[in-house]
Amino acid sequence: METVKSLKDIEKLEKNRISGNPEINNSTITFKGDNNILYCEGNVKLVNAKFTFNGNNSIVYLSSALNSQYSFNLVIYNDSTFFIGREGNMSSPININIQENQNVLIGSEVTISSGVNIRTADIYPIYENESKERINYARSVFIGDHVWLGHLAYISKGVRIGSGAIIGNNSSVQDYSHVPSNSLVIGNPAKIAETDVFYVTNFLAHHKAESSLDTKDYKSDVFIYEVLTQETLDFDKIDQILKDLDVDSRLEFIQKLFVRNKRKNRFSIR
């Protein structure tokens, strides 16, 4: 087992690696397996974070976040990938659990509120009485760009959330659900409450009456997403490609398809 609590500990790693120079404050990265990668772009701050690699050949990619910090409790097992895009707005605690060789991909400029939980699998298999067949298979989770995950939202296995979507506070997005872009879902189980809506990250708490009046409308279409044949990515194909690649090839694939690809509608869902 290898443990990192400071930049000096990174130099001691032998069977795993951390790329970049993250700021590490009261945080622990634990490697219980081999050949894992934690990749940190510039301006990555780990504050009260706990990252646990409980297996082999997995990668966690943290993009630059100038105005936020990573305070995740993240557990990842074998042959899995976690990616989060740039300029996320994150409030702790946030729990992410990636099991059974699955992936979690999160786009850029995503708001993840306190108490959010994201999982790719249940902790135990469930079987149907008569057939004895398993009914709760693990599946990867995909979350698009400019998505707002509300306070205490639960994102279950196989969920796909299109860019511009809003998940309401205390909402539970059930297994294998698809949330269209620019929709608002609320409840347990989460159901679509509004379609054709968008949000902007204009923090309202300090607004005076006259400031609130200025928010009555918004003139731009910048946060309205659509599915375009030549632009929107196929989540199923991405998931399979990631599962077929070794860990170093996955890093190259992530940088090509998610980091350098800045097309607006790449993660749209109709």
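- Cluster membership for I118 and V159, using ILVMFWY side-chain heavy atoms within less than 4.5 angstrom, is shared.
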Please assess F51 against N36 for the test side-chain contact (heavy atoms from CB on, under 4.5 Å), listing each intermediate value before the final yes or no. CA-CA 12 Å; F51 287 28; N36 298 291; over 6 Å; no

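- Partner of F82 under the side chain to side chain contact (heavy atoms under 4.5 Å, CB included) criterion, chosen from I59, L38, I98: I98.
- With sequence neighbours left out, Y39 forms a ring pair (Phe, Tyr, Trp, His ring centres under 6.0 Å) with Y61.
- Evaluated for a side chain to side chain contact (heavy atoms under 4.5 Å, CB included) with Y154, the options N95, N117, V116, N170 yield exactly one hit, N117.
- The number of heavy-atom neighbours closer than 6.0 Å to NZ of K262, taken from other residues, nucleotides and ligands shown, is above 12.
- Residue N136 qualifies as enclosed at atom CG: its count of foreign heavy atoms under 6.0 Å is above 12.
- Salt bridge absent: D79 and K243 never bring a charged side-chain N and a carboxylate O closer than 4.0 Å.
- Between F53 and F31, the ring planes lie parallel to each other; the angle is under 30°, not in the 30° to 60° tilted range.
- For CD of E14, the number of neighbouring non-hydrogen atoms (other residues, nucleotides, ligands) closer than 6.0 Å is 12 at most.
- Of the charged side-chain nitrogens involved, none lies within less than 4.0 Å of a carboxylate oxygen, so that K264 and D221 do not count as a salt-bridged pair.
- Classified by interplanar angle (parallel below 30°, tilted 30° to 60°, perpendicular above 60°), the ring pair F142/F235 is parallel.
- Classification of the F198-F223 ring pair by plane angle, with boundaries at 30° and 60°, yields tilted.
- Counting only N and O atoms by type, the side chains of N48 and N26 include a donor and acceptor under 3.5 Å apart.
- Note on I269: it does not cluster hydrophobically with Y225, by side-chain heavy-atom contacts below 4.5 Å among ILVMFWY residues.
- N101 contributes a side-chain N or O that, together with a main-chain N or O of N78, makes up a donor-acceptor pair within less than 3.5 Å.
- With a 6.0 Å radius and a threshold of 12 heavy atoms from other residues, nucleotides or ligands, R134 has its CZ atom above the threshold.
- Remark: E231 CD is packed, more than 12 non-hydrogen atoms of other residues, nucleotides or ligands lying under 6.0 Å away.
- Salt-bridge check for R86 with E41: passed, with a basic side-chain N closer than 4.0 Å to an acidic carboxylate O.
- Within the 3.5 Å criterion, the main-chain N or O of T120 finds no donor-acceptor partner in the side chain of E100.
- Counting non-hydrogen atoms of neighbouring residues, nucleotides and ligands closer than 6.0 angstrom, the NZ atom of K50 reaches no more than 12 such neighbours.
- We find that D248 and R17 are joined by a salt bridge, their nearest charged nitrogen and carboxylate oxygen being less than 4.0 Å apart.
- The only option from V179, T111, I143, I112 that meets the side chain to side chain contact (heavy atoms under 4.5 Å, CB included) definition with I167 turns out to be V179.
- Annotation: cation-pi pair K157/Y137 absent, no NZ/CZ under 6.0 Å from the ring centroid and within 45° of its normal.
- For the residue pair S27 and A49, the shortest heavy atom distance occurs at OG-N, 2.9 Å.
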